Number of protein chains: 2
Amino acid sequence: MKILLIEDEPKVSAFIKKGLEEQMYDVEQAYDGFYGAKLAIDNEYDLVILDVILPRMNGVEVCKLIRQQNIAVPILMLTALGSTEDKILGLDSGADDYLVKPFEFQELLARIRALTRRSQESVGTEVLKVADLELDVQKKTVHRNGVPISLTAREFALLQYLLRNKERVVSRVDIIEQVWETSFDTGSNVIDVYINFLRKKIDKDFSPKLIHTLVGMGYVLKEMEEK
Amino acid sequence: MKILLIEDEPKVSAFIKKGLEEQMYDVEQAYDGFYGAKLAIDNEYDLVILDVILPRMNGVEVCKLIRQQNIAVPILMLTALGSTEDKILGLDSGADDYLVKPFEFQELLARIRALTRRSQESVGTEVLKVADLELDVQKKTVHRNGVPISLTAREFALLQYLLRNKERVVSRVDIIEQVWETSFDTGSNVIDVYINFLRKKIDKDFSPKLIHTLVGMGYVLKEMEEK
DNA sequence: CTTCAATGAGCAGTATTTTCATGGTCTACA
DNA sequence: TGTAGACCATGAAAATACTGCTCATTGAAG
């Protein structure tokens, strides 16, 4: 569990770091807002603890910047500024929790547990399902009705995307952007071809069919009640 | 945004409810822990606000019970118990935040925003309705009186436009511009034809009729009281 | 060198979109 | 009350767009 601690006061930072490390957290430190933001954006942390009053860039700005980069890491603001106004400012800039100094270390730990609980849950075996089709994201295996099915990397990525959006129609543009990670329209029919591959492997010998075409709209993965 | 408020003190509950409703939240109330837990488990809320001291089942128990059911709804504990020990107990029972009474209402609102931010971000499920007709923008599905109806892309776009302007007369020019995305008047009657297609699929086998012609003006989608 | 994933091109078949022609309905006005 | 003209509904056919699938080529991995 990696935590980024952005706090300019060396003694406070060291104290928190020590306390967290006793709980087996892996702590990295930043001593100013700008560098802290850079670390948060370039690395993957499980939590950011963020002081508000910081040199070079204040905590609220750091928070906004991180969120602007579309990074969803939990952020806990930790500061001496205890007015309701400050709290609102902090929370509305994208922080998930706001704790006022001085605080009891046990409370900080409890709040850290609450914030990191969700991401911990998801670690482990993520299995996507629809009807009798199962896809294990970590193991990279796919089964339909218990029968193992082997897919290529691209096929797997496509199926995974369809599963994450099951019941929802996804357009070719969505697929190209998310699975192929290009938005450049090559006028190609790769997607059609791959949908075809998946159909052969996943739908051909089974029923009900799960991959459906909506002409002019895209594809859906679902058990169809209609038609 | 639906919030479940579990609080036994009627005056406090009413006060919070009123304040939340002013912010356009949809609030349901429970006055004891057992009933509150039942509501939280049987329904889908965007947030649960949970008092700790409650009749029949205390807040910590409620929280544990909800989490045992594998329900990930954000839970905000709101209580007079302000000791660090109480906070830890609350947060570790599965709550996401813990606010001590008395509190400033603005802080509660900010914390609610922080807790609900994530679920809002997630792919919103936008459903347009009129009478017993429902259209899911993402899933691209249409139901009337629970019966699934399949539409082509153009039909869907037209119906979606009518739904977004339900109760309001839209002219042929509006439709051509918004749905066909051309303003060039081709002197064609495509729109009439498509209205006809929609009528067959949506109004033919149902009642009341929803698509109405206003001669010389255009079309409306609404439940007609008159005529 | 062989194998196989990845992709583009082409074409046939199908579904959708649009046009066209016909007939109906409503309204204004003599 | 009758009728012309504007407006609308609808079936069918034509035009078009879209999709499924095969095949050939490329390029990377082993």
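Proteins come first, then strands; the chains are lettered A, B, ... in the order of their sequence lines, and each starts at number 1. Note that the coordinates shown come from a computational prediction; the quantities given were computed from them, not determined experimentally. Values below: all heavy atoms of this structure, side chains included; hydrogens, waters and symmetry mates excluded.
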Q: Please report, rounded to the nearest Å, how far the P atom of C/dC4 is from the CD atom of A/Glu155.
A: 13 Å

(Q) Please confirm whether the shortest side-chain N or O distance from B/Lys200 to OP1 or OP2 of D/dG11 is below 4.0 Å. (A) yes

Q: Respond yes when some side-chain nitrogen or oxygen of B/Arg154 is under 4.0 Å from OP1 or OP2 of C/dT18, and no when none is.
A: yes

Q) Distance check: side-chain N/O of A/Tyr219 vs OP1/OP2 of D/dC18, anything under 4.0 Å? A) no

Q) In whole Å, what is the span from the CD1 atom of A/Ile191 to the C1' atom of D/dC21? A) 16 Å

Q: Among the candidates C/dA9, C/dA6, C/dT18, find the nucleotide nearest to the side-chain atoms of A/Asn189.
A: C/dA9

Q. Side chains of A/Arg154 and A/Phe197: does their closest heavy-atom pair fall under 4.5 Å?
A. no

Q: Please report, rounded to the nearest Å, how far the C1' atom of C/dT17 is from the CG atom of B/Leu151.
A: 14 Å

Q) Could one point to a donor on the side chain of A/Asp192 or the base of C/dG8 with an acceptor on the other under 3.5 Å away? A) no

Q.
Output the rounded distance in Å from CD1 (A/Ile175) to C1' (D/dC18).
A. 15 Å

(Q) Of the options D/dA9, D/dC7, C/dT7, whose atoms approach the side-chain atoms of B/Val215 most closely? (A) D/dC7

(Q) Can you pull out every salt bridge (Lys or Arg N to Asp or Glu O under 4.0 Å) where at least one residue sits in residues 156-168 of chain B? Sequence neighbours excluded, please. (A) B/Glu126-B/Arg164

Q. Taking only side-chain nitrogens and oxygens of A/Trp180, does any of them come within less than 4.0 Å of OP1 or OP2 of C/dT7?
A. yes

Q: Return the value, rounded to whole Å, for the distance between atom CD1 of B/Ile202 and atom P of D/dA9.
A: 15 Å

Q | Length of the CG-P vector between B/Leu158 and C/dT18, whole Å | A | 11 Å

(Q) So for A/Asn196 and D/dT22, does any side-chain atom that can act as donor or acceptor lie under 3.5 Å from a complementary atom in the base? (A) no

**Q.** salt bridge (Lys or Arg N to Asp or Glu O under 4.0 Å) contacts in which one or both residues fall within residues 202-218 of chain B, not counting sequence neighbours
**A.** B/Arg144-B/Asp203

Q. Rounded to whole angstroms, how far apart are NZ on B/Lys140 and P on C/dT16?
A. 15 Å

**Q.** Note, A/Glu28 side chain near A/Tyr45 side chain (heavy atom, < 4.5 Å)
**A.** yes

Q. Which part of the nucleic acid, if any, lies within contact of A/Phe156, taking any heavy atom under 4.0 Å across all strands shown: a base, the sugar-phosphate backbone alone, or nothing?
A. nothing

(Q) Whole angstroms only, please: what is the OH-P distance between B/Tyr194 and D/dT10? (A) 16 Å

Q) Does the B/His143 side chain pair with the main chain of B/Leu135, one donor and one acceptor, at a distance under 3.5 Å? A) no

Q. Hey, does the side chain of B/Thr213 come within less than 4.0 Å of D/dA9's phosphate (OP1/OP2), counting only N and O?
A. yes

Q. Any side-chain N or O of A/Ser188 under 4.0 Å from OP1/OP2 of C/dG8?
A. yes

(Q) Which is more 5' along DNA chain D, the nucleotide nearest A/Leu214 or the one nearest B/Phe197? Just name the residue. (A) B/Phe197

Q: Specify the residue among A/Arg172 and A/Val193 whose closest nucleotide of DNA chain D lies further upstream toward the 5′ end.
A: A/Arg172

(Q) On a heavy-atom basis, which atom in B/Ala37 and which in B/Val62 lie closest, and how many Å separate them? (A) CB-CG1, 3.9 Å

